[in-house]
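These figures come from a predicted structure and were not determined experimentally.
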Amino acid sequence: MVRLHVTADLPIRPVPLKYADRVEIRFGKAFPAVLVVDRAALDRLRAALDQAAAALAAGGDKA
């Protein structure tokens, strides 16, 4: 497992890789951690983040 702690001040930069039909999401500056997401998985990732945000807003702590 890789754990990346994303804070409000962590630089996040999306880099579209059009030739590969995916996007890199870079976290940090000098030595960034990179999340590579296929276009087909973007909606699934977005839904998971929305679900997590809703659970936090509701006071839930279940993953």
Would you tabulate the side-chain donor-acceptor contacts of residues 31-44 under 3.5 Å, counting partners in other chains and residues two or more places apart, or write 'none'?
| from | atom 1 | to | atom 2 | distance (Å) |
| --- | --- | --- | --- | --- |
| Asp38 | OD1 | Arg22 | NE | 2.9 |
| Asp38 | OD1 | Arg22 | NH2 | 3.3 |
| Arg39 | NE | Asp21 | OD1 | 2.5 |
| Arg39 | NH2 | Asp21 | OD1 | 3.0 |
| Asp43 | OD1 | Arg46 | NH1 | 2.6 |

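- The side-chain hydrogen bond (donor to acceptor under 3.5 Å, both in side chains) check on Asp9 picks up Thr7, with sequence neighbours excluded.
- Listed here is the closest heavy atom pair of Pro14 and Val23: CB-CG2, 4.4 Å.
- With sequence neighbours excluded, the residues forming a side-chain hydrogen bond (donor to acceptor under 3.5 Å, both in side chains) with Glu24 are Arg26, listed by chain and number.
- If you chain together ILVMFWY residues whose side-chain heavy atoms come under 4.5 Å of each other, Tyr19 ends up grouped with Val15, Leu17.
- In this view, Arg13 satisfies the salt bridge (charged side-chain N to carboxylate O under 4.0 Å, His left out) rule with no residue, not counting sequence neighbours.
- With sequence neighbours excluded, no residue forms a side chain to side chain contact (heavy atoms under 4.5 Å, CB included) with Val2.
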